Amino acid sequence: MNCKEIEKKWQKIWADGKYFEAQNNSPKEKYYILVEFPYPSGSGLHVGHVRSYTALDAMARLKRMQGFNVLFPMGWDAFGAPAEQYAIKNKIHPSQAVQENIVTFKSQIQDLGMSFDWSREFATTDPEYYKWTQWQFLQFVKHDMAYKAEKEINWCPQCKTGLSNEDAAGGVCERCGSKTTKKLKSQWMLKMRSYAESLLDGLKDTDFMDKIKVAQINWIGKSEGAEVEFPIKDTDDVLKVFTTRADTLFGVTFMVMSPEHPYLEKYQDRIQNLESVRQYQEEAKSKTDIERTDATKEKTGVLIKGLTAINPVNNQEVPIWISDYVLASYGTGAIMAVPAHDERDYAFAKKFNIDIIPVITDGTNNLPYVGDGEMINSEFLNGIKTKNEAIAKMLKYLEEKHIGHKTINYRLQDWIFSRQRFWGEPIPMIYCDDCGWVPVPEEELPVLLPNVENYEPTETGESPLANIPEWVNTTCPKCGKPAKRETDTMPNWAGSSWYWLRYMDAHNDKEFVSQDAMKYWGMVDYYNGGMEHATRHLLYARFWHQFLYNQGLVPFKEPFKKRVAHGMILGENGEKMSKSKGNVINPDDMVKAYGADALRVYEMFIGDYEHDASWSENGLKGCKRFLDRIERIADKLIDKNDINSNLEIIFNQTIKKVTDDILTMNYNTAVSALMILLNKLDEQETITKKEYRIILHLLNPIAPHITEELNEQYNLGPRFVESQWPTYDSNKLVSNEKEIGVQVNGKLRASIKVMTDENEESIKAKALQEENVQKHLENKEIVKIIIIPNRIVNIVVK
RNA sequence: GCCUAUGUGGCGGAAUUGGUAGACGCGCUGGACUCAAAAUCCAGUGUUAGCAAUAACGUGUCGGUUCGAGUCCGACCAUAGGCACCA
């Protein structure tokens, strides 16, 4: 069989017949299957894409045959740095490079026979799409969810751009890998932190994989504790601190402010050693996040002379230090230090010879950092035996005296939404000297990216757009005076924060999606993507969606019902595929050599879908062999249209197994079940048309071309794309005769054939008759005989 | 350090949720076809002993529960991923 020819043939039939175009407002039940849309990079499709696309494609094809109206769309996440880099180098507009890459990607995907609904295709870089991304940004502005802040941001000196905490995780630029530094810059921010609780809470409405939920929960980093106010001596101010251990307040022997704490400015006149404090601040600033947050490094700090705090529970004076182990971005940017019961405070106290007062004892001389013990040196807490009780009592005291209160902190930060890049959605805001920041009127959207020749970032770190006066200079929509456009663009995450909604109504030019379409399609039923997006993309998308929900713009709170993540495909040597390691497999080559169907079957058979798997060309050859045997077995075809009675059970079992396995993403065992069925058919002298059609039908979601072709060639029935998925008879899943094991004292000694409904006496007799069983019963006394119907017999002897 | 996974032949991986461990595929060995090779087909393939029947051992390690443990419980080891000076 000429794979290439028949693949092209069927791909054309499917496209011409519009078989995969989902209908809005269909009376059928809907099912929405989504795979993350790719960034169309210059290096083309990866075999990893083939794995996840095939998996969800098989599910989509099966669901359609079960009568669902399936939405299975595809598009392009096409803003991003690589296209911009390419543009800088080659002096062409990034949209041109993107366009070329999309053409390549699309044809590669189509060569694999994916059943995407191409009628809904779009790219995030299409003005018709980013118009609505901008419009939604304006909704954030309108509802006071966006603000501009002069903030110290993560700065990549290489890319000359600000980065979100997410993009600069670990103090390293995600894009280029260089060390990031800090820079003050006025940035658009989205108030994501205010959604922290809602994002946690919303997880209840989803069915994400556990590890994804856990990753999100960790990222949000909820921590319950108390805010306590320490008055600063001889001022009206208080130093606020956050603590989860209010029970240890009597053990406070010093306070620590982060180097960025505002009091260091406010009270600079009172600080007697201002010079050394300033010097310490400078040092902290020049350190990268990695250097600053290295928990193993020795503690550093400077005592602030002239500022003293007062412990509100016992009115004792407490010295204040400045140290970079306290982070400005978490809690209040200052802490109360209890060296007796906190390892970090302990290390600091030891280094600078500060008092250590134990307030919890476990009866030994050790200092318990966590866990319970009896309270000591703590006045009204003394004698309390558990931490929870002591915290509760202290909280009550703090609230009564108005010196503190219960509070919750989140690690999650607001979303830095500005990027100093060209190739992103322009932020639709205009700055007027008189009116301040004014949104671009909605009817003027989209704010288009201009056509220019130079995409170099500016030396000052402004976006390349700042170099284009005719674009920057405009008039204020409010007062009409000359004004300037915002030159920053949106982050790459913006376009992917609502794209699944657009698929529901991709060509709407009146609104971002019609309410009717959203009501019909509802939540995404199955959303597949990489584990690397378990926190960032998935949190941004859920935040964005929840915001739209709160404005009444979408009819449901959570966007995705189920989220699954595929494992990576590693090189043949078990390492991640990369050009430098020379272990990259190009899917095109594999399609050419073995056909699209063989590649699809192989990638489903390669192992557990969620786990990484190493590529093996021999494994692929094995799957090709399997398909060849499927084709060759037609030699045994006879013109009968029933199922041989001795095959009824295995056919029913296989229908059930393949159906269940594809819908629960156990593709490897679905393929193996089909291989078992084929082996069984191969043992037969002849096979009937019906039998042949069923095995082809079951294989069709995974290997769609060859199965359609053979079905047509042997005239077995209508096209699978027009057929109902086979069903099984649940009364015919087990045969009435079964072979079960016979154990003596738990060790297998024989096996016997029994009927499913055979009575225990008869089974017992059969078991005892076995020669090898008898041998092991010699000179032993039978204590009891355990019979588990259709499973096992175990004879217990002494 | 904390959290979450995972650990089964030479390899990728199965195992009806406590019931015949190693399905299926790869690889390997032997055979058939062929002048030969490829392709294909047949047989074998956890380890050790044995011609064999069979026996002992065997799911990271050590212990436990049970008639019976890959599966449950406890402790530990290893690998991968996430978080991490988060107060």
Side-chain angles (χ1 to χ4, degrees), chain A residues 169-170 209-219 221-223 225 241-245 248 256 292-297 299 323-327 329-338 342-345 347-348 369-370 409-412 531-532 534-535 565 574 601-602 605-608 610-623 625-626 628-629 632 653 657 666 668-679 682 733-734 739-752 771-772 775-776 783-797:
Chain A
M209 289 161 64
D210 258 0
K211 64 173 171 181
I212 293 174
K213 280 193 183 182
V214 168
Q216 295 220 340
I217 290 167
N218 284 346
W219 193 276
K222 180 177 183 172
S223 166
V241 298
F242 174 74
T243 178
T244 54
R245 295 300 301 272
T248 61
V256 186
R292 259 192 79 161
T293 59
D294 178 6
T296 59
K297 77 163 194 238
K299 296 274 178 288
S323 174
D324 64 4
Y325 84 92
V326 173
L327 309 174
S329 57
Y330 185 78
T332 62
I335 61 155
M336 59 178 224
V338 184
D342 181 283
E343 287 184 70
R344 296 151 301 177
D345 299 346
F348 194 88
Y369 289 119
V370 285
N409 253 292
Y410 300 94
R411 203 188 72 97
L412 185 73
M531 208 44 211
E532 70 277 17
T535 48
V601 171
Y602 170 62
F605 189 59
I606 195 168
D608 187 334
E610 283 164 14
H611 286 106
D612 292 355
S614 299
W615 183 263
S616 155
E617 191 150 343
N618 277 328
L620 173 54
K621 284 179 188 164
C623 290
R625 216 170 293 163
F626 165 63
D628 290 345
R629 286 181 63 208
R632 219 177 312 122
Q653 284 174 337
K657 178 96 181 129
N666 291 300
N668 54 338
T669 48
V671 174
S672 114
L674 287 164
M675 288 171 168
I676 292 168
L677 180 61
L678 175 66
N679 290 345
D682 220 358
L733 289 173
V734 281
E739 195 164 293
I740 65 170
V742 180
Q743 301 178 328
V744 176
N745 278 354
K747 294 205 172 183
L748 188 74
R749 298 303 178 191
S751 70
I752 53 172
E771 199 183 331
N772 199 40
K775 212 167 96 190
H776 289 271
V783 181
K784 59 175 166 177
I785 299 179
I786 292 157
I787 298 175
I788 309 295
N790 298 314
R791 291 277 161 81
I792 207 154
V793 177
N794 190 9
I795 303 166
V796 187
V797 298

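Note that the coordinates shown come from a computational prediction; the quantities given were computed from them, not determined experimentally. Order of the sequence lines sets the chain letters (A, B, ...), proteins ahead of strands, with each chain counted from 1.
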Go through the structure and list residues passing ring-ring contact (aromatic ring centres under 6.0 Å, His included) with A/Phe242, not counting sequence neighbours.
-> none

Set of side-chain contact (heavy atoms from CB on, under 4.5 Å) partners for A/Ile786, sequence neighbours left out = A/Lys784, A/Ile788, A/Asn794, A/Val796

Base, backbone or nothing for each nucleotide of nucleotides 51-58 of chain B, written B, S, -, heavy atoms under 4.0 angstrom, 5' to 3'?
-> ---SSSS-

Quote, to the nearest angstrom, the [atom1] distance that separates [N] from [M].
{"N": "B/U71", "M": "B/U8", "atom1": "P", "answer": "13 Å"}
{"N": "B/C57", "M": "B/C62", "atom1": "P", "answer": "14 Å"}
{"N": "B/U20", "M": "B/A15", "atom1": "P", "answer": "13 Å"}
{"N": "B/C73", "M": "B/U66", "atom1": "C1'", "answer": "12 Å"}
{"N": "B/U45", "M": "B/G25", "atom1": "P", "answer": "15 Å"}
{"N": "B/A32", "M": "B/A39", "atom1": "C1'", "answer": "14 Å"}
{"N": "B/A69", "M": "B/G19", "atom1": "C1'", "answer": "10 Å"}
{"N": "B/G46", "M": "B/G27", "atom1": "C1'", "answer": "15 Å"}

Pick base, sugar-phosphate or nothing for [X], based on heavy-atom distances below 4.0 Å to the nucleic acid.
{"X": "A/Asn794", "result": "base"}
{"X": "A/Asp210", "result": "nothing"}
{"X": "A/Glu739", "result": "base"}
{"X": "A/Gly331", "result": "nothing"}
{"X": "A/Leu674", "result": "nothing"}
{"X": "A/Asp628", "result": "nothing"}
{"X": "A/Asp345", "result": "nothing"}
{"X": "A/Ile606", "result": "sugar-phosphate"}

Considering only side-chain heavy atoms of [X], which listed nucleotide, [options], is closest?
{"X": "A/Tyr330", "options": "B/G25, B/A87, B/A14", "result": "B/A87"}
{"X": "A/Arg625", "options": "B/U40, B/G19, B/C3", "result": "B/U40"}
{"X": "A/Asn618", "options": "B/A84, B/C41, B/G27", "result": "B/G27"}
{"X": "A/Val326", "options": "B/C83, B/A87, B/C24", "result": "B/A87"}
{"X": "A/Ile788", "options": "B/G19, B/C3, B/C41", "result": "B/G19"}
{"X": "A/Lys211", "options": "B/G82, B/U20, B/U4", "result": "B/U4"}
{"X": "A/Arg791", "options": "B/G25, B/U17, B/A84", "result": "B/U17"}
{"X": "A/Asp608", "options": "B/C85, B/A14, B/C83", "result": "B/A14"}

Take the protein atom [atom1] of [X] and the nucleotide atom [atom2] of [N], then report the distance between them rounded to whole Å.
{"X": "A/Phe348", "N": "B/C85", "atom1": "CZ", "atom2": "C1'", "value": "12 Å"}
{"X": "A/Ile217", "N": "B/G82", "atom1": "CD1", "atom2": "C1'", "value": "12 Å"}
{"X": "A/Ile792", "N": "B/U20", "atom1": "CD1", "atom2": "C1'", "value": "6 Å"}
{"X": "A/Glu343", "N": "B/C2", "atom1": "CD", "atom2": "P", "value": "10 Å"}
{"X": "A/Arg629", "N": "B/C41", "atom1": "CZ", "atom2": "P", "value": "6 Å"}
{"X": "A/Asn218", "N": "B/A5", "atom1": "CG", "atom2": "P", "value": "12 Å"}
{"X": "A/Lys657", "N": "B/A23", "atom1": "NZ", "atom2": "P", "value": "15 Å"}
{"X": "A/Asn745", "N": "B/G68", "atom1": "CG", "atom2": "P", "value": "8 Å"}

[N] pairs with which nucleotide, Watson-Crick or G-U wobble, both distances below 3.5 Å?
{"N": "B/C2", "value": "B/G82"}
{"N": "B/A75", "value": "B/U61"}
{"N": "B/A69", "value": "none"}
{"N": "B/C24", "value": "B/G12"}
{"N": "B/U17", "value": "none"}
{"N": "B/C51", "value": "none"}
{"N": "B/C41", "value": "B/G31"}

Syn versus anti for B/G82, judged by chi lying within 90° of 0?
-> anti

Taking atom types as they are modelled, is there a donor-acceptor pair under 3.5 Å from the base of B/C26 to the side chain of A/Lys621?
->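 It does not, because no donor-acceptor pair links the side chain of A/Lys621 to the base of B/C26 below 3.5 Å.
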
Residue whose closest nucleotide on RNA chain B lies nearer the 5' end, A/Val793 versus A/Val796 = A/Val793

By nearest nucleotide on RNA chain B, pick out whichever of A/Ile335 and A/His611 is the more 5' one.
->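 So the residue in question is A/His611.
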
Student check: side-chain heavy atoms of A/Val797 and A/Val783 closer than 4.5 Å =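 The answer is no, as the side chains (C-beta and beyond) never meet within the 4.5 Å cut-off.
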
How about A/Ile335 and A/Thr243: do any of their side-chain heavy atoms sit closer than 4.5 Å?
->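 In short, these two side chains do not touch, never coming nearer than 4.5 Å.
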
[atom2] on [Y] to [atom1] on [X], rounded to 0.5 Å:
{"X": "A/Asn666", "Y": "A/Glu610", "atom1": "CG", "atom2": "CD", "result": "8.5 Å"}
{"X": "A/Asn745", "Y": "A/His776", "atom1": "CG", "atom2": "NE2", "result": "10.5 Å"}
{"X": "A/Ser223", "Y": "A/Arg411", "atom1": "OG", "atom2": "CZ", "result": "12.0 Å"}
{"X": "A/Asp612", "Y": "A/Met531", "atom1": "CG", "atom2": "CE", "result": "11.0 Å"}
{"X": "A/Asn618", "Y": "A/Tyr602", "atom1": "CG", "atom2": "OH", "result": "9.0 Å"}

Does [X] put a side-chain nitrogen or oxygen below 4.0 Å from OP1 or OP2 of [N]?
{"X": "A/Ser323", "N": "B/C85", "answer": "no"}
{"X": "A/Asn679", "N": "B/A23", "answer": "no"}
{"X": "A/Asn668", "N": "B/G13", "answer": "no"}

Check the surroundings of atom CD in A/Glu771: do more than 12 heavy atoms from other residues, nucleotides or ligands lie under 6.0 Å from it?
-> no

Any donor and acceptor pair, going by atom type alone, linking the side chain of A/Glu739 with main-chain N or O of A/Ile752 inside 3.5 Å?
-> no

Do A/Trp219 and A/Tyr410 have their ring centres less than 6.0 Å from each other?
-> no

